[in-house]
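All values derive from a computational prediction rather than experimental measurement.
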Amino acid sequence: MKSHELLSQVFDKRSPKEVAAGMGLSVSMVYKWAEPPDGGSGAVNPLDRVAALLECTRDPRIAQWLCERAGGFFRSEEHTSE
């Protein structure tokens, strides 16, 4: 699933207006996150930015931090013992 598709589903449960208010952003910006970026009207959304940050740093602590914020934990396949 692409990030804009996920956000579109998330906005079915929490409206873009609520998200915009909670984040101090414009409603139009939040709506753009749920549009495909290649169509020209979408905006690079926070999920894509975090994915790019993970890719360029290759630091799993970013994923760990996000997982902890969601009440879970991150388990990297690289660091598991067999």
Side-chain angles (χ1 to χ4, degrees):
M1 175 181 297
K2 295 183 179 180
S3 63
H4 69 276
E5 295 169 334
L6 173 59
L7 288 172
S8 182
Q9 291 178 7
V10 168
F11 295 155
D12 288 340
K13 292 187 175 190
R14 179 76 60 174
S15 76
K17 186 176 180 180
E18 291 174 291
V19 172
M23 295 183 72
L25 299 169
S26 72
V27 176
S28 64
M29 173 58 74
V30 174
Y31 269 112
K32 287 181 180 187
W33 292 345
E35 298 174 4
D38 55 354
S41 60
V44 178
N45 65 56
L47 297 177
D48 288 333
R49 290 184 184 273
V50 170
L53 183 61
L54 280 168
E55 189 173 316
C56 77
T57 64
R58 300 196 185 281
D59 193 327
R61 292 177 297 177
I62 296 167
Q64 178 63 40
W65 185 85
L66 285 170
C67 291
E68 287 173 7
R69 298 285 299 210
F73 63 93
F74 176 70
R75 182 175 159 253
S76 173
E77 292 298 322
E78 291 179 15
H79 299 98
T80 60
S81 60
E82 295 181 18

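- Nearest heavy-atom pair, R14 versus V19, reported as atom, atom and distance to 0.1 Å: CG-CG2, 3.7 Å.
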Checklist entry - Between F73 and Q64, is a side chain to side chain contact (heavy atoms under 4.5 Å, CB included) present by the stated rule, with each step listed? => result CA-CA 6 Å; F73 63 93; Q64 178 63 40; 4.2 Å; yes

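- With a 4.5 Å cut-off on side-chain heavy atoms, V30 and F11 count as touching.
- Judged by distance alone, the side chains of E5 and Q9 never bring a donor and an acceptor atom under 3.5 Å apart.
- Minimum heavy-atom separation, V44 to R49: CG1-CG, 3.7 Å.
- Proximity of W33 to L25: side-chain heavy atoms (C-beta onward) are separated by under 4.5 Å at one or more points.
- The distance from atom CG of L53 to atom CD1 of I62, rounded to the nearest 0.5 Å, is 3.5 Å.
- M23 and V27 are members of different hydrophobic clusters when ILVMFWY side chains are connected at heavy-atom separations under 4.5 Å.
- Among all heavy-atom pairs drawn from N45 and S3, the shortest one is ND2-OG, 2.9 Å.
- Side-chain contact between P37 and H4 is present, with heavy atoms from C-beta onward closer than 4.5 Å.
- L47 is connected to M29 through a chain of hydrophobic side-chain contacts under 4.5 Å among Ile, Leu, Val, Met, Phe, Trp and Tyr, so both are in one cluster.
- In this structure, NZ on K2 lies 14.0 Å from CG on L7, to the nearest 0.5 angstrom.
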